[in-house]
Structure formats: structure tokens, C-alpha cells
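Throughout, protein chains are lettered first and strands after them, A, B, ... in sequence-line order, and every chain is numbered starting at 1.
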2 protein chains.
Amino acid sequence: MAREMSQLKKALKQAGYKLTPARLAVIGVLQTHCEHYSHQQILTEGRKIYPKLSRATVYRTMELLVDLRLVRPIYLNDPTQRFVMATGGHHHLVCSNCGDTIEFDHCTTEQLAQELATKYNFQINSHLLEFQGLCKACH
Amino acid sequence: MAREMSQLKKALKQAGYKLTPARLAVIGVLQTHCEHYSHQQILTEGRKIYPKLSRATVYRTMELLVDLRLVRPIYLNDPTQRFVMATGGHHHLVCSNCGDTIEFDHCTTEQLAQELATKYNFQINSHLLEFQGLCKACH
DNA sequence: TATATAATCGAGACTTCTTCTCAGTTAGAG
DNA sequence: CTCTAACTGAGAAGAAGTCTCGATTATATA
């Protein structure tokens with residue numbers, strides 16, 4: 001966790017951005033609670049670290065992190081935008097009924113990614129694989 | 001296209017919902033322009049079919065179609081929620097820089113889906129596989 | 001075909017989310 | 001330590017999404 005945290009900080013700094021308390025609070029939230037946080041949740045959690053944190057700054061910081069491809073936005077099962085770390089891939093099973101989300105690790109997209117990169121001359125940085133259906137409690 | 005259209009209509013009817021002009025306009029948009037439309041775009045396009053179409057009805061209809069698992073929401077490269085048909089899977093390459101989206105057909109997740117369904121006792125209905133990176137124009 | 005009625009609608013008020021503006025503050029280079 | 005461009009919080013403004021309610025209508029049934 002501490003290692004990833006310093007990675008984010010390092011990336012920000014290398015890109016020429018200042019490491020302000022507000023940004024460190026947002027990064028802190030993203031790192032400590034490895035979840036799928038919305039802007040609102042990041043604001044609420046971030047204020048526990050840095051109480052003055054403003055809503056606008058959360059939006060600005062997340063936009064920055066997305067631009068730098070350090071995090072990426074996803075939708076789960078409600079109309080709220082959420083974020084995950086952009087390192088590697090993300091793999092979910094999302095229940096269409098209760099919204100429950102299971103993460104799984106094993107992923108078989110390596111070879112496909114290779115093929116697509118060649119075919120479309122596309123530099124692939126991360127991926128999202130999401131299955132939708134009904135969890136065991138809902139079917 | 002006409003076949004898919006009647007599938008959507010049939011599904012709505014079978015579920016006990018009325019086929020109103022407003023709903024047919026929304027369905028018409030989803031079917032005719034096989035794209036990733038936002039609420040706003042569906043409203044604008046839908047009004048070309050049925051001018052009285054209201055914003056609230058677009059939201060209501062999309063919620064309905066998502067509940068019935070006929071469409072599913074996705075996120076591409078801006079903070080707007082969009083929708084795709086929920087049949088089968090969806091496969092995109094999304095450029096982090098210009099937002100350009102390439103769709104591809106070949107997908108290798110069948111076996112993985114099987115394994116996960118068994119492991120988590122999860123009934124999988126559709127999937128989304130999305131690679132993020134830089135398109136050939138942006139790197 | 002006509003009728004009854006529950007489902008659905010449009011309009012607009014209202015709430016929530018996101019962006020913008022601006023004057024004050026500050027991280028970090030020198 | 002000083003200076004300055006980068007950054008911030010606060011709140012206004014604009015956009016997106018939800019809710020309410022009286023009017024309308026698709027469709028089952030006769």
C-alpha cells in the first residue's frame with residue numbers, strides 16, 4: 001500500500017504537479033480503501049484526512065489523475081461515476097439486481113490484448129472486464 | 001435491425017408494459033443508430049421521431065430497459081453515462097486521449113465466464129471488455 | 001367497435017451533481 | 001528566505017437527474 005502510494009505521488013511530481021495537502025488527501029483515500037469510490041465518497045473520506053478539502057478540488061484532482069492515466073473511471077450498477085486504479089486490469093462480476101460486486105483476479109485477456117494492439121496499432125495500457133448477471137442470492 | 005427492434009418491443013410487451021409512442025421513439029433511437037448514446041442524445045434523437053418526448057420519460061424508459069436487462073449502461077471516456085444493447089458482449093478499445101472508440105468482435109471470455117459462473121454460483125448474462133490506451137493517432 | 005381503467009405521459013418544480021470564477025494561499029525552485 | 005506560478009476553498013452558475021400531478025392513452029374486454 002505504501003509503495004503504491006508513493007508511486008502515485010511520484011507520478012504527480014514527475015508530471016510537474018505540486019503535492020498539496022488536498023491532493024495527498026485524495027490519494028490517501030484512493031490508496032487506503034481499495035474500493036470503487038465516487039466523487040462524493042472521496043470528498044467525505046478525504047475530509048477525514050484534510051478537513052478543508054473542497055468538492056471542486058476533488059473533481060479537479062480526479063480529472064488530473066484520469067488524464068495522467070493513474071486512475072480510470074468506471075460505472076458499476078448505479079448512475080454514479082466511480083474510479084479504480086489504472087494499474088493493470090480490473091475484473092468484476094456485477095449483479096444486475098442487488099448491485100453486489102465481486103472482484104476476481106484470474107484474467108485471460110493477455111493474448112487478445114496483444115492481437116488487438118497489433119491489428120489496430122493501439123497502445124494498450126489497462127483493461128476492464130465486467131460480467132453482468134445475477135449473484136447467487138438473486139437467482 | 002428490424003428484427004432486433006421487434007425483439008425489444010416484444011420483450012417490453014411480454015413483461016406487461018405498454019408500447020407507447022414515447023417508448024417506441026426511444027427504442028427506435030437505440031436500434032437505428034447502433035451507438036453509445038447518452039440520455040441527452042436519446043432525448044434529442046428521440047424527438048425527431050416523437051417531438052413531444054420528455055426528458056423524464058427518457059430516464060424512465062432507460063431505467064426500465066436496464067431493469068429488464070435489454071440494455072446496459074457503460075462508461076466510455078467522459079463523465080456521461082451511456083447505453084449499449086445488452087445482448088451478448090461488448091468490446092471496445094477506448095483512447096484515453098481523444099476518446100475515440102473502436103469496437104471489435106472477437107472475444108475470448110467464453111471459458112472464463114464458465115469458470116466464474118461455477119466458482120461464484122453467478123448467472124452471467126452479458127459482459128463488457130474494454131481496453132484503454134492510445135490509438136494510433138495519439139501515440 | 002366502443003368502453004373502462006390502470007399505466008403512462010409531459011411539464012415543470014425541485015434536488016443533486018458538476019463546472020466555473022476569483023481572490024487568497026502555498027509548494028517548491030532558486 | 002523570497003518569489004511566483006500553481007493551487008485552493010467558497011460559493012455562484014449551469015447541467016443532469018428525480019419527483020409530482022393532472023391529463024392522456026394503450027389495451028383488455030365486451
Atom pairs under 3.5 Å, N or O on each side, protein against nucleotides 28-30 of chain D: can you list them with distances?
none

Inset, instruction - Return the orientation label for the B/His36 and B/His92 ring planes: parallel under 30°, perpendicular over 60°, tilted otherwise. - result: perpendicular
Legend entry - Donor-acceptor pair, side chain of B/His90 and main chain of B/Met85, under 3.5 angstrom: yes
Inset, instruction - Could you check if a side-chain atom of B/Val84 sits within less than 4.5 angstrom of a side-chain atom of B/Arg82, using non-hydrogen atoms only? - result: no
Inset, instruction - Return the nearest nucleotide to the side chain of A/Tyr59; candidates are C/dT18, C/dG12, D/dA26. - result: C/dT18
Inset, instruction - Assign A/Lys18 to base, sugar-phosphate, or nothing according to its heavy-atom contacts below 4.0 angstrom with the strands shown. - result: base
Inset, instruction - Would you work out how much the helix from C/dT1-D/dA30 to C/dG30-D/dC1 bends between its ends, with each end axis defined by five base pairs, to 10 degrees? - result: 50°
Inset, instruction - Could you check if a side-chain atom of B/Phe83 sits within less than 4.5 angstrom of a side-chain atom of B/Leu65, using non-hydrogen atoms only? - result: no
Legend entry - Nucleotide of D/dG11, D/dT27, C/dA11 approaching B/Leu19 most closely (side-chain heavy atoms): D/dT27
Legend entry - Per A/Gln40 side chain, nearest of listed nucleotides D/dG9, C/dG10, C/dC17: C/dC17
Inset, instruction - Measure from the side-chain heavy atoms of B/Leu53 and tell me the nearest of C/dG10, D/dT8, C/dC17. - result: C/dG10
Inset, instruction - Can you figure out which of D/dA26, C/dA27, D/dA10 approaches the side chain of A/Ala56 most closely? - result: D/dA10
Legend entry - Polar side-chain atom of A/Ser54 near backbone of A/Thr57 as donor-acceptor pair, under 3.5 Å: yes
Inset, instruction - Let me know the distance between CZ of A/Arg55 and C1' of D/dA10, rounded to the nearest Å. - result: 12 Å
Inset, instruction - Using atom CG of B/Leu43 as one end and atom P of D/dT18 as the other, report the distance to the nearest whole Å. - result: 14 Å
Inset, instruction - Would you indicate whether the side-chain heavy atoms of A/Arg47 and A/Leu53 approach each other to under 4.5 Å? - result: yes
Inset, instruction - Please check if the side chain of A/His91 supplies one atom and the backbone of A/Phe104 the other of a donor-acceptor pair under 3.5 Å. - result: yes
Inset, instruction - Look at all strands and tell whether B/Arg23 reaches a base, only sugar-phosphate, or nothing, counting heavy atoms closer than 4.0 Å. - result: sugar-phosphate
Inset, instruction - Let me know the distance between CD of A/Glu63 and P of D/dT8, rounded to the nearest Å. - result: 13 Å
Legend entry - Main-chain N/O of A/Arg23 paired with A/Thr20 side-chain donor or acceptor, under 3.5 Å: yes
Legend entry - d(CZ, B/Phe83; C1', D/dA16) in whole Å: 12 Å
Inset, instruction - Select from B/Tyr17 and B/Arg47 the residue whose nearest nucleotide in DNA chain C is closer to the 5' end of that strand. - result: B/Tyr17
Legend entry - Nearest-neighbour nucleotide for the B/Ser54 side chain, C/dG10, C/dC9, C/dA27 considered: C/dG10
Inset, instruction - Would you indicate which nucleotide in C/dT8, C/dG10, D/dC7 comes nearest to any side-chain atom of A/Thr20? - result: D/dC7
Legend entry - Closest listed nucleotide, where the reference is the side chain of A/Arg60 and the choices are D/dA10, C/dT26, C/dA7: D/dA10
Legend entry - Test item: side-chain donor near acceptor, A/Gln114 and A/Glu110, under 3.5 Å: no
